[in-house]
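Read through the structure below, which is laid out as structure tokens, and then see the notes.
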Amino acid sequence: TVKEFFSLVKQNKFDKARGLMSKALSESVSNDALKGFFEKYEYVLDTEVADEWILATKEGEGEYFTFVLRHGLIEDISN
């Protein structure tokens with residue numbers, strides 16, 4: 001779900017990306033905010049920790065993020 005969501009946002013397919021978000025999260029963020037939040041990242045990598053992912057730039061720099069999923073939908077994103 002997280003990799004698919006990231007890919008959809010990067011392709012500016014916000015309607016489909018919002019389909020992977022909880023209603024509350026989807027209503028709380030604009031398309032511009034989604035695009036801006038993920039803009040510098042090129043890759044998403046999973047980790048061995050539940051709900052934890054690495055968003056990485058093309059230069060290979062990465063940041064850890066937590067994607068909280070409930071009932072198969074992304075409910076929260078934080079780092």
Side-chain angles (χ1 to χ4, degrees):
T1 299
V2 173
K3 287 184 178 183
E4 181 182 3
F5 171 76
F6 178 80
S7 178
L8 290 168
V9 170
K10 294 300 282 184
Q11 296 172 52
N12 295 324
K13 295 182 178 179
F14 299 108
D15 288 342
K16 289 185 178 184
R18 287 179 184 285
L20 299 175
M21 300 166 73
S22 69
K23 182 178 179 182
L25 181 58
S26 180
E27 290 176 350
S28 72
V29 64
S30 69
N31 288 348
D32 286 342
L34 279 173
K35 185 176 181 174
F37 185 83
F38 292 104
E39 192 168 38
K40 71 177 182 177
Y41 303 108
E42 296 292 324
Y43 310 99
V44 61
L45 309 167
D46 53 356
T47 68
E48 294 181 10
V49 179
D51 298 333
E52 189 173 84
W53 299 79
I54 298 171
L55 296 180
T57 65
K58 65 182 175 183
E59 292 82 18
E61 297 173 4
E63 292 182 58
Y64 285 91
F65 285 84
T66 300
F67 287 77
V68 177
L69 280 77
R70 180 175 282 163
H71 307 295
L73 300 174
I74 299 169
E75 189 169 78
D76 188 47
I77 303 169
S78 61
N79 70 339

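Side-chain atoms are counted along with the backbone in the values below, which use heavy atoms only and exclude waters and symmetry mates. All residue numbers refer to positions in the sequence shown, counting from 1. The shown structure was predicted, so the numbers you read here are calculated from the model rather than taken from an experiment.
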For this session: State, to 0.1 Å, how close V9 and A17 come at their nearest heavy-atom pair, and which atoms those are.
Result: CG2-CB, 3.8 Å
For this session: List the atom of A33, the atom of V29, and the distance in Å for their closest heavy-atom pair.
Result: CB-CG2, 3.5 Å
For this session: Could you tell me the separation between the CZ atom of F14 and the OG atom of S26, rounded to the nearest 0.5 Å?
Result: 11.5 Å
For this session: Show the numbers, then the answer: is there a side-chain contact (heavy atoms from CB on, under 4.5 Å) between R18 and N31?
Result: CA-CA 9 Å; R18 287 179 184 285; N31 288 348; 2.8 Å; yes
Exercise. Quick one: does S7's side chain have a donor or acceptor within less than 3.5 Å of a partner on E4's backbone?
Worked result: no
Exercise. More than 12 non-hydrogen atoms from neighbouring residues, nucleotides or ligands closer than 6.0 Å to CG on N79, yes or no?
Worked result: yes
Exercise. With distance as the sole test, does K10 use its side chain to make a donor-acceptor pair with the main-chain N or O of F38 at under 3.5 Å?
Worked result: yes
Problem set entry | Min side-chain heavy-atom separation T57-E63 under 4.5 Å | no
Exercise. Can you list the residues that meet the side chain to side chain contact (heavy atoms under 4.5 Å, CB included) rule with V68, with sequence neighbours excluded?
Worked result: T66, E75, D76
For this session: Calculate, to the nearest 0.5 Å, the distance between atoms OG and NZ belonging to S30 and K35 respectively.
Result: 11.5 Å
Exercise. Hey, are the side chains of F5 and L34 touching, using non-hydrogen atoms and a 4.5 Å cut-off?
Worked result: yes
Exercise. Stepwise, does the side-chain contact (heavy atoms from CB on, under 4.5 Å) test hold for Y64 with I54?
Worked result: CA-CA 5 Å; Y64 285 91; I54 298 171; 3.6 Å; yes
Exercise. Does any non-hydrogen side-chain atom of L69 lie less than 4.5 Å from one of V2?
Worked result: yes
Exercise. Mind checking what makes ring-ring contact (aromatic ring centres under 6.0 Å, His included) contact with F65, not counting sequence neighbours?
Worked result: F37, Y41
Exercise. Going by heavy atoms in the side chains, are F6 and L55 under 4.5 Å from each other?
Worked result: yes
For this session: Not counting sequence neighbours, which residues clear side chain to side chain donor-acceptor pair (under 3.5 Å) with T47? List them please.
Result: none
Problem set entry | Sub-4.5 Å side-chain heavy-atom contact between D46 and W53 | yes
Exercise. Under 4.5 Å between side-chain heavy atoms, hopping through other hydrophobics if needed: is there a path connecting L73 to F67?
Worked result: no
